[in-house]
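Note sheet for the following structure.
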Amino acid sequence: MSKRNIVVIGTQWGDEGKGKVVDWIAPHVSAVARFQGGHNAGHTLVINGQKTVLRLLPSGILHPEMRCFIGNGVVVAPDALEKEISELEARGVAIRHRLKISPACPVVMPYHVALDVAREAKRGAAKIGTTGRGIGPTYEDKVGRRAIRVCDIVTGEGLAEKITEVMDYHNFVLKNYLNASTVDVDLVLEEARKWGAMLAPMMADVAHDLMTIARSGEGILFEGAQGTLLDVDHGTYPYVTSSNCVAGQASAGTGVSPKAIHHVLGIAKAYTTRVGTGPFPTELFDEVGKGIATRGKEFGSVTGRPRRCGWMDIPALRRSIDVNGVDSLAIMKLDVLDGCEEVKMCIGYTVGSTLLDRLPAGADAVAKCVAAYETFPGWKMPTQGVRSFEALPVEAKAFLQALQSEAGVPISMISTGAERDDTIMLMNPLNF
Ligand code: GDP
Ligand code: IMO
Ligand code: MG
């Protein structure tokens, strides 16, 4: 079988189960690469009952030989990365020799966290509900051409001058506009030097290394973070994250040619969740929603915040399928719908007298959408842990078939539990 390069992308508002899918597919490729986001991501793997939450490390890392890459599109918090690496090392997972980080990654600095937190406080009720990890301010510095990048802290060249200049600006904003405490320049410089020494052995020409793997045909898995509806351009702006989360970013965020990508695998829960503020047309406020939240353990893996829950939203999924060029879907957490009397699927929106079949752009337009549902009978027999399509209850099969037909792309995987092997593979996405 000739190996292929595949992008795993969230089609909703994040936490779809990307980590589980990446870990599951990883044995079929030789490298896993992150291409955007930072430690705002929380990707959970459950293997033989042991849970691991990954933030910056690619979700292939638990496969001992897997080569892992952090591409230029990722914002790197060295302290968070060091913690994540040492926690896994303490469990006997060797990482530093097989993790490569692009010199072009912007570094999440202490003042970015201070700015993120102070801005959210100033917005009050209108806050975005960020993860408070400094992600937005770091991306702002990147496009503002004043970021401190991995290469800056590793080489140390002109570092003191760069940090002093950028902090002069940010401390002014913190003090005079946000009424918040400033950040000490000397302390930041000391930290940055320490981080540079830690990152030096892992800094590498990620773009070239990945293109070499792509040319050899060994297979690369590009791991998306967040989800399409949180994409800074295509999501529910301004209630979004600060990066492009769509499949096209796999190329820009690693330096691998878009021509080297063969399959886009869209990940969706059988329902929908969202953390943070912003419109959510299929949100449930009743006991059914609470049941989904409880059974699905819907609490953020990064911040522990409860996730808002609602029904599957096909117009939103159609938008994601379009902007990512999704070739096939992985439907996750089917088991969480076990026990529902009936299961609903939003198949369109009404806005006044207008019918929409796709999520419109931006939060204001989405807030006007009223979900129109199709209702399906629930299933009595549990799907939890079922590992073949044939063994699923007939009602669950009907729900999945309707979903596939409304979405217009094939379902290639179904997940029926958090465990690695609670997975039904309908067709191998690497075999197309
Ligand atoms: P990611 O950010 O897309 O990687 O997703 P998260 O890890 O943040 O959230 C998904 C959560 O659902 C994690 O706790 C997973 O362990 C869990 N999970 C994944 N697939 C399934 C599934 O099919 N059933 C159940 N019950 N849990 C799942
Ligand atoms: P994974 O990769 C779910 C959300 C935050 C907030 C918005 C902006 O685990 O799916 P940010 O800190 O990025 O500036 O916050 O984006 N958010 C996520 N929601 N899963 C994530 O990652 C998220 N990363 C950011 O809750 O609404
Ligand atoms: Mg997550």
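As the structure lists them, so they are numbered: ligands from 1, and atoms in each ligand from 1.
Annotation: side chain of Arg149 is not in contact with side chain of Asn72 (no heavy-atom distance under 4.5 Å). Using a 4.5 Å heavy-atom threshold, the side chains of Gln12 and Ser320 count as separate. Using a 4.5 Å heavy-atom threshold, the side chains of Val22 and Val32 count as touching. At a threshold of 4.5 Å between non-hydrogen side-chain atoms, the residues Val107 and Pro78 count as touching.
With salt bridges taken as basic N to acidic carboxylate O contacts below 4.0 Å, one links Lys269 and Glu298. By the 4.0 Å N-to-carboxylate-O rule, Arg387 lies close enough to Asp422 to be salt-bridged with it. At a threshold of 4.0 Å, the pair Arg91-Glu87 does not count as salt-bridged, since none of the basic side-chain nitrogens sits closer than that to a carboxylate oxygen.
Near-neighbour remark for the Mg ion (ligand 3): protein N, O or S atoms under 2.8 Å are Asp15 OD1, Gly42 O; waters not counted.
Looking at Lys20 against ligand 1, only its side chain comes within 4.0 Å, counting heavy atoms. The proximity of Thr416 to ligand 1, defined as any non-hydrogen pair under 4.0 Å, is limited to the backbone.
At a 4.0 Å cut-off, not a single heavy atom of Gly10 sits close enough to ligand 1 to count as contact.
Residue Lys333 holds the heavy atom nearest to atom 21 (C) of ligand 1 of all those in Gln12, Arg307, Lys333.
In terms of protein heavy-atom proximity, atom 15 (C) of ligand 1 is closest to Thr44 CB, 3.9 Å. The protein atom (non-hydrogen) at minimum distance from atom 4 (O) of ligand 1 is Gly19 N, 2.9 Å. Counting only heavy atoms of the protein, atom 23 (O) of ligand 1 lies nearest to Ser415 OG, 2.5 Å. In this structure, the protein non-hydrogen atom closest to atom 10 (C) of ligand 1 is Asp15 O, 3.7 Å. Looking only at protein heavy atoms, the nearest one to atom 8 (O) of ligand 1 is Gly42 O, 2.8 Å. When only non-hydrogen protein atoms are considered, atom 26 (N) of ligand 1 lies nearest to Asp335 OD2, 2.7 Å.
A cation-pi arrangement is absent between Lys344 and Phe376 under the rule of less than 6.0 angstrom and at most 45 degrees off the ring axis.
With hydrogens and angles ignored, the 3.5 Å screen pairs no side-chain donor or acceptor of Asn40 with any backbone N or O of Ile135.
From Ser328, atom OG reaches atom CD1 of Ile411 across 9.5 Å, with rounding to the nearest 0.5 Å. One distance of note links CD1 of Ile61 with CG of Leu54; it measures 8.0 Å at 0.5 Å rounding.
For the pair Lys18 and ligand 1, the shortest N or O to N or O distance falls below 3.5 Å. Here's the thing with Gly17: one of its N/O atoms is less than 3.5 angstrom from an N/O atom of ligand 1. At under 3.5 Å, not a single nitrogen or oxygen of Val336, backbone or side chain, sits near a nitrogen or oxygen of ligand 1.
In summary, the side chains of Arg274 and Thr236 do present a donor paired with an acceptor at a separation below 3.5 Å, with no hydrogens or angles considered. No hydrogens or angles considered: a donor-acceptor pair under 3.5 Å links the side chains of His63 and Asp23.
Shortest non-hydrogen contact noted between Met413 and Trp24 is CE-CD1, 3.1 Å. Among all heavy-atom pairs drawn from Tyr349 and Ala371, the shortest one is CD2-CA, 4.2 Å.
For ligand 2, residues of the protein lying within 4.0 angstrom by heavy-atom distance are Trp13, Gly14, Asp15, Lys18, Asn40, Ala41, Gly42, His43, Ile128, Gly129, Thr130, Thr131, Ala225, Gln226, Leu230, Val240, Thr241, Val275, Gly276, Arg305.
Screening Thr131, Thr130, Thr138 against Asp116 for a side-chain hydrogen bond (donor to acceptor under 3.5 Å, both in side chains) leaves a single residue, Thr130.
Atoms of ligand 1 found under 4.0 Å from any heavy atom of His43 (numbered from 1 in listed order, with element): 1 (P), 2 (O), 4 (O), 7 (O).
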